[in-house]
Amino acid sequence: MKTKSPLQKKRDLILVITLFLLMGGVFLVYRMTAFRGESASASVYYGTEKMVTVDFGLQNVNIVSKQAVENKYYDLYGYNQFPYHDVEKNSIVLLGDYTVRGVRQLVVVSYDFEKKSMQIIDEKSPNNICSKEGESTGFPLICLPNNIYVRFEQERQLEV
Amino acid sequence: MEKTKKITLLSNFLAIAIVLNIIEASIPIIPVPGAKLGFANIMTLIIIYIYSFKEGIAISILRVVLVSLLSGRFLGPTFYMSMSGVLLSTIMMGIFVKLDFFGPLGVSAIGSIFHCIGQIAAGIFVIGSVVVLAYLPIMLFLSVPTGILTGIIAKKFLSIWRTVY
């Protein structure tokens with residue numbers, strides 16, 4: 001086993017102070033500059049596949065692709081397709097990968113055209129990190145256990 | 001006799017690392033999906049100092065596999081993120097312990113930073129998008145105090161260890 005020298009102690013101190021200042025600086029600059037601009041649209045992904053695009057300018061929701069799910073889920077949740085666009089509630093319902101007793105759970109993403117924001121309002125996962133993120137206007141929302149994420153784009157989507 | 005003592009000690013270290021890992025997983029300290037700060041790396045660092053990199057990486061891999069089996073997340077998205085973070089941090093800590101330039105505190109801080117980088121790198125593949133990079137600055141920022149804390153604990157442990165063994 002190695003013995004520590006006073007020189008190592010000094011180097012350690014210099015290193016941790018440098019790292020703390022450097023990472024703190026990067027984080028502060030990032031928080032002040034990143035995701036500050038207004039988003040033109042947002043997309044909801046299931047895995048690597050884009051499912052829905054929400055155009056804030058045109059106030060339009062477009063289902064780009066449908067999830068291939070087992071028939072039992074249509075009866076179980078009462079939706080005729082996934083993703084399901086709930087126009088009244090301004091939300092999109094998807095089927096996540098997280099299972100409870102072998103049953104896949106729903107992920108509900110709401111949109112607000114006026115605020116140009118998205119929010120994951122309902123999902124089931126061990127720590128509920130993505131729903132705890134709250135409303136976002138630019139920062140991506142990731143539901144890792146459900147394999148679903150929302151990302152924002154500065155430019156309008158071509159599909160719309 | 002020496003071999004038996006080593007196996008017994010490494011088994012104990014593995015058990016402690018598993019408990020630390022499970023406790024850490026149940027407390028969502030950081031708002032990053034699937035990511036952990038790496039408090040269980042304390043045991044990896046201690047093992048590298050007491051034995052060598054070889055034992056450190058073996059116990060780390062065993063820990064990730066066993067914790068994922070116990071929590072039912074084996075081969076799930078968080079498993080790959082944990083494995084990647086642990087492998088990268090253990091390799092980096094092994095290199096810096098070998099170089100003998102920094103002490104446990106510095107090596108721990110380096111390990112903590114690479115633990116985050118490893119997790120985010122795996123996260124890109126797991127999610128299939130670079131969108132996860134948005135979390136890197138907050139994780140790197142949080143990794144420094146975590147690395148310092150784990151470094152202080154490891155340092156204290158090693159100084160007690162030296163007086164006992």
Side-chain angles (χ1 to χ4, degrees), chain A residues 1-31 33-35 43 45-50 97-99 125-134 136 138-152, chain B residues 25-28 30-35 46 48-51 71-73 76-78 81 96-98 100-110 112-113 116 123 126-145 147-148 151-152 155 158-159 161-162 165:
Chain A
M1 191 169 33
K2 292 172 180 75
T3 51
K4 66 176 194 297
S5 68
L7 201 63
Q8 273 186 339
K9 222 173 169 179
K10 202 174 168 185
R11 285 178 195 148
D12 280 357
L13 203 64
I14 294 167
L15 178 74
V16 293
I17 291 169
T18 311
L19 285 174
F20 196 78
L21 293 174
L22 189 71
M23 298 307 172
V26 169
F27 176 63
L28 276 177
V29 171
Y30 179 75
R31 281 301 293 251
T33 56
F35 308 111
S43 300
Y45 287 77
Y46 170 67
T48 53
E49 204 177 345
K50 190 187 280 187
D97 276 358
Y98 188 71
T99 59
S125 59
N127 296 325
N128 303 108
I129 289 172
C130 61
S131 51
K132 282 179 191 164
E133 278 279 344
S136 175
F139 197 79
L141 303 166
I142 305 173
C143 276
L144 194 68
N146 281 299
N147 202 17
I148 285 168
Y149 70 90
V150 179
R151 74 180 295 176
F152 293 82
Chain B
S26 63
I27 312 165
I30 49 166
V32 182
I46 288 168
I48 295 173
Y49 269 104
I50 293 173
Y51 294 106
S71 58
R73 292 172 193 169
T78 50
M81 288 175 75
F96 278 93
V97 169
K98 190 93 182 159
D100 203 21
F101 189 76
F102 296 113
L105 193 67
V107 175
S108 174
I110 292 164
S112 187
I113 283 173
C116 291
V126 166
I127 295 162
S129 166
V130 289
V131 73
V132 72
L133 277 174
Y135 289 97
L136 190 60
I138 174 98
M139 277 189 73
L140 286 176
F141 177 56
L142 289 170
S143 75
V144 181
I148 293 170
I152 291 168
K155 211 169 128 181
L158 289 167
S159 66
W161 182 271
R162 280 186 197 110
Y165 292 93

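All values below come from the heavy atoms of this structure, side chains included, with hydrogens, waters and symmetry mates left out. By convention in this document, chain letters (A, B, ...) are assigned in the order of the sequence lines, proteins followed by strands, and residues within each chain are numbered from 1.
- Interface remark: of the candidates B:A134, B:P77, B:A109, B:A134 forms the most heavy-atom pairs closer than 4.5 Å to chain A.
- Using a 4.5 Å heavy-atom threshold, the side chains of B:L140 and A:V26 count as separate.
- Proximity to chain B is limited to the side chain of A:Y30, based on heavy atoms less than 4.5 angstrom apart.
- Between B:Y135 and A:I142 the shortest side-chain heavy-atom distance falls below 4.5 Å.
- Listed here is the closest heavy atom pair of B:D100 and A:Q8: OD1-NE2, 2.6 Å.
- Annotation: the span from A:T48 atom OG1 to B:I127 atom CD1 amounts to 12.0 Å, rounded to 0.5 Å.
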### Task
Output, in order, the C-alpha distance, side-chain angles, deciding distance and verdict of side-chain contact (heavy atoms from CB on, under 4.5 Å) for B:I110 and A:L15.
CA-CA 9 Å; B:I110 292 164; A:L15 178 74; 3.8 Å; yes
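- From A:L13, atom CG reaches atom CZ of B:F102 across 11.5 Å, with rounding to the nearest 0.5 Å.
- With chain B as partner, the option from A:F20, A:F35, A:F27, A:F139 having the largest number of non-hydrogen pairs under 4.5 angstrom is A:F27.
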### Query
Checking side-chain contact (heavy atoms from CB on, under 4.5 Å) for the pair B:S129/A:R151: CA distance, chi angles, key distance, verdict?
CA-CA 10 Å; B:S129 166; A:R151 74 180 295 176; 3.4 Å; yes
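- At a 4.5 Å heavy-atom cutoff, B:L136 makes no contact with chain A through either its backbone or its side chain.
- Between chain A and the options B:P137, B:S108, B:G76, B:G128, the largest number of non-hydrogen pairs under 4.5 Å is found for B:P137.
- Put simply, CG on A:L19 and CZ on B:F141 are 12.5 Å apart, with the number rounded to the nearest 0.5 Å.
- Between B:L105 and A:K9, the closest side-chain pair of non-hydrogen atoms is not below 4.5 Å.
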